[in-house]
Amino acid sequence: MKQRSVVSWTAMIMAYTRAEHYDQAIDLFLDMEEEGVKIDEFVITSVLHACACKGSSKDGQCIHEYALKNGMISNTSVANALMDMYAKCGNMEEARSVFHSTLNKNIISWNTLIGGYSKNGFPNDALHLFGNIPQRIRPNAITMACLLPAVASLSCLERGREIHAYVIRAGFVRNHQVENALVDMYVKCGALILARVLFDRIYEKNLVTWTVMIAGYGMHGYGADAIALFKQMRRKGIKPDKVSFVAILYACSHSGLIHEGWYFFNMMRNEYQIEPNLEHYACMVDLLSRAGRLKKAYEFINSMPIEPDSTVWGALLCGCRVYRDVNLAEKVAEKIFKLEPDNTGYYVLLANIYTEAEKWEEVKRLRERIGSRRLKKNPGCSWIETRGKVQVFVSGDNSHPQKEEIKKFVEDVMKRMKEEEQYVPNARYALMINADDRVKEEALCGHSEKLAIAFGILNSAYGRPIHVTKNLRICGDCHEFAKFVSKVTGREIVLRDSNRFHKFEEGRCSCRGYW
DNA sequence: TTAGGGTTAG
């Protein structure tokens with residue numbers, strides 16, 4: 001072009017961004033500045049979008065400064081693009097600060113911050129913000145698509161149903177993204193049947209619709225249903241992508257379907273020419289490890305064409321725990337500690353492996369190592385929704401108004417378990433070394449998931465299922481506890497941990513040992 | 001007069 005206007009530059013920056021060449025998009029902005037082209041708000045938002053997609057706020061901060069200096073920040077679109085950039089880079093503090101200093105907030109401003117909170121692990125803030133949208137600003141379908149993942153991550157079914165009702169009243173039901181987000185919300189709130197009803201009613205199912213449902217079956221341990229749906233999807237001519245393959249591989253590993261897992265892994269590569277990414281590899285390692293084929297899993301990792309990360313090695317470490325392979329666990333853990341020296345979860349996992357093997361010296365050394373890095377264990381936390389209110393329990397928490405009642409319930413159950421099932425308190429799950437068994441048992445009684453289950457039984461009508469959510473994986477002792485409680489109270493207990501759903505019914509768990 | 005922008009589901 002002989003003459004390039006600011007519009008030509010903007011179009012080019014957008015094109016580079018769409019093609020995922022973020023650095024080139026940003027370079028183009030620098031070039032145009034150098035050439036003395038007059039910069040306007042449109043270019044700023046475009047280049048901010050490139051920074052957002054790139055995911056590092058360093059470039060974005062420079063643009064932020066530029067916008068401030070040139071008085072562009074009062075433009076709502078520029079402010080929105082800034083918020084989105086910070087949110088996508090995981091910097092919610094900056095996003096919030098921009099939001100609060102924006103005078104003319106429109107619905108996009110609210111959506112951007114709500115979505116940012118949802119995606120960055122602040123679901124309560126997302127819900128709170130939604131409640132504060134002023135009357136004159138009308139939420140739209142996108143608002144719901146931003147908000148529903150927050151409900152899903154909290155696993156608050158009542159709240160989710162309220163929002164579903166709102167979606168119906170406001171007339172957003174025919175929106176694809178909203179429909180899919182609703183199905184996903186029901187799946188993650190443990191209401192698999194409701195999710196399926198909604199799924200069946202969706203007239204035009206797209207790839208995301210199918211993937212949500214397949215992942216849902218996987219999470220709940222229905223591997224065969226996940227496979228049936230995957231096949232049905234292919235018959236309808238919908239081409240699976242890398243995310244749907246993660247869903248199906250995940251479903252196979254959580255149901256112990258080894259052969260099927262390999263079948264889909266090969267299908268992905270041969271039939272669809274999709275190169276496996278870290279998530280796919282982690283699923284395969286998980287599949288092998290759960291089946292006890294630890295050596296094969298180790299070899300598999302070493303043969304990967306891409307560098308394995310901590311999640312891949314972590315899947316093997318979990319397997320080492322199940323099959324009590326201390327030697328391999330040590331080797332694997334060292335690799336993980338190099339990759340992620342500050343993630344306490346893996347130290348705890350290795351400590352548990354040592355404890356279960358009664359290697360007390362090693363436990364002590366590991367504790368010292370954790371201490372010297374000034375790392376703190378991420379506290380276990382469970383929550384339960386009753387009558388629309390969420391009750392949160394933190395491990396060992398003693399502040400609950402019903403604490404005596406809850407404590408008595410847990411102790412009574414443990415006592416009955418000892419008498420009726422020859423249950424031995426799994427003191428190995430209480431991560432303390434210089435304590436006697438009594439103290440350990442007491443610590444076990446205080447686990448957050450036991451408290452939440454007890455609270456649920458005590459505060460809901462007979463026959464009602466109990467839904468509990470936990471931030472970490474459920475502990476083995478609590479798993480036994482939940483089975484027993486489901487038997488003696490005749491209640492169904494649905495527990496979502498950080499990994500999957502466990503449905504306890506009449507003394508059995510739906511996971512059948514596949515955690 | 002027209003061209004270029006910011007929010008959305010797995």
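The figures here come from the full heavy-atom set of this structure, side chains too, leaving out hydrogens, waters and symmetry mates. Worth saying up front: this structure is predicted, and the values here are computed from it rather than measured. Throughout, a chain's letter reflects where its sequence line sits, starting with A, and its residues are numbered from 1.
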Within the structure, does a side-chain N or O atom of A:K88 lie under 4.0 Å from either OP1 or OP2 of B:dT8?
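Answer is yes, contact under 4.0 Å.
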
Just to confirm, is there a sub-4.0 Å distance from OP1 or OP2 of B:dA3 to any side-chain nitrogen or oxygen of A:R4?
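Indeed not, no polar side-chain atom of A:R4 lies that close.
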
For [X], answer base if it contacts any base atom (sugar-phosphate contacts may also be present), sugar-phosphate if it contacts only those atoms, and nothing otherwise; contact means non-hydrogen atoms under 4.0 Å.
X: A:V178; result: nothing
X: A:K119; result: sugar-phosphate
X: A:T143; result: nothing

Let's see if you get this right: which residues in [range] place a heavy atom under 4.0 Å from DNA chain B?
range: residues 233-240 of chain A; value: none
range: residues 24-58 of chain A; value: A:D40, A:E41, A:F42, A:T45, A:S46, A:H49
range: residues 242-253 of chain A; value: A:V243, A:S244
range: residues 197-209 of chain A; value: A:N206, A:L207, A:V208
range: residues 145-160 of chain A; value: A:A145, A:C146

What residue among A:W210, A:Y186, A:Y217 forms ring pair (Phe, Tyr, Trp, His ring centres under 6.0 Å) with A:F199?
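Of all the options given, the one that passes is A:W210.
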
How are the rings of A:F300 and A:Y281 set relative to one another: parallel (under 30°), tilted (30 to 60°) or perpendicular (over 60°)?
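The arrangement is tilted - the two ring planes meet at 30° to 60°.
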
Is the A:F264 to A:Y250 ring centre distance short of 6.0 Å?
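Distance test on ring centres: not under 6.0 Å, no.
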
Looking at the rings of A:W9 and A:F29, which for Trp means the six-membered one, are their centres under 6.0 Å apart?
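Distance test on ring centres: not under 6.0 Å, no.
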
Short N-O contact, A:E505 and A:R508, less than 4.0 angstrom
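No, this pair does not count.
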
Whole angstrom is fine here: how far is it from [atom1] in [X] over to [atom2] in [N]?
X: A:I13; N: B:dG5; atom1: CD1; atom2: C1'; result: 11 Å
X: A:R18; N: B:dG5; atom1: CZ; atom2: C1'; result: 10 Å
X: A:L182; N: B:dT8; atom1: CG; atom2: C1'; result: 13 Å
X: A:Q177; N: B:dT8; atom1: CD; atom2: C1'; result: 5 Å
X: A:F130; N: B:dT8; atom1: CZ; atom2: C1'; result: 14 Å
X: A:N140; N: B:dA9; atom1: CG; atom2: P; result: 13 Å
X: A:L129; N: B:dT7; atom1: CG; atom2: P; result: 17 Å
X: A:I133; N: B:dT7; atom1: CD1; atom2: C1'; result: 12 Å

For a quick test of your reading: what N or O donor-acceptor pairs under 3.5 Å do the side chains of residues 39-61 of chain A make, sequence neighbours left out?
residue: A:D40; atom: OD1; partner: A:F42; partner atom: N; Å: 3.2
residue: A:D40; atom: OD1; partner: A:V43; partner atom: N; Å: 3.2
residue: A:T45; atom: OG1; partner: A:E41; partner atom: O; Å: 3.3
residue: A:T45; atom: OG1; partner: A:F42; partner atom: O; Å: 2.7
residue: A:S46; atom: OG; partner: A:F42; partner atom: O; Å: 2.9
residue: A:K54; atom: NZ; partner: A:D23; partner atom: OD1; Å: 3.0
residue: A:K54; atom: NZ; partner: A:D59; partner atom: OD2; Å: 2.9

Verify the distance criterion only: is there a donor paired with an acceptor across the side chains of [X] and [Y] at less than 3.5 Å?
X: A:S5; Y: A:S8; value: yes
X: A:H280; Y: A:N277; value: yes
X: A:T209; Y: A:N206; value: yes

Does [X] have any side chain to side chain contact (heavy atoms under 4.5 Å, CB included) partners at least two apart in sequence or in another chain, and if so, which?
X: A:M12; answer: A:Y16, A:L28
X: A:E204; answer: A:H176
X: A:C318; answer: A:L349, A:R473
X: A:L129; answer: A:F99, A:W110, A:L113, A:I114, A:Y117

Whether the side chain of A:N75 and the base of B:dG5 hold a donor-acceptor pair under 3.5 Å is what I'd like checked.
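Yes, the side chain and the base share a sub-3.5 Å donor-acceptor pair.
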
Is any side-chain N or O of A:D241 under 3.5 Å from a base N or O of B:dG10, one able to act as donor and the other as acceptor?
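Yes, a donor-acceptor pair under 3.5 Å.
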
Residue pairs, two or more places apart or on separate chains, that pass side chain to side chain donor-acceptor pair (under 3.5 Å) and touch residues 63-77 of chain A
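For residues 63-77 of chain A, and leaving out neighbouring residues, the side chain to side chain donor-acceptor pair (under 3.5 Å) pairs sorted by first residue read A:H64-A:Y86.
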
Show me the donor-acceptor pairs within less than 3.5 Å that the side chains of residues 235-243 of chain A make with the rest of the protein, sequence neighbours left out.
residue: A:D241; atom: OD1; partner: A:V243; partner atom: N; Å: 3.2
residue: A:D241; atom: OD1; partner: A:S244; partner atom: N; Å: 3.0
residue: A:D241; atom: OD1; partner: A:S244; partner atom: OG; Å: 3.0

Step through the shown structure and confirm whether more than 12 heavy atoms of other residues, nucleotides or ligands are within 6.0 Å of CZ on A:R196.
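Buried by this count: over 12 neighbours within 6.0 Å.
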
Under 3.5 Å: donor-acceptor pair, side chain of A:R496, backbone of A:K188
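Side chain of A:R496 to backbone of A:K188: a pair is present.
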
Closest to side chain of A:K188, choosing from B:dG5, B:dT7, B:dG10:
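Nearest nucleotide to the side chain: B:dG10.
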
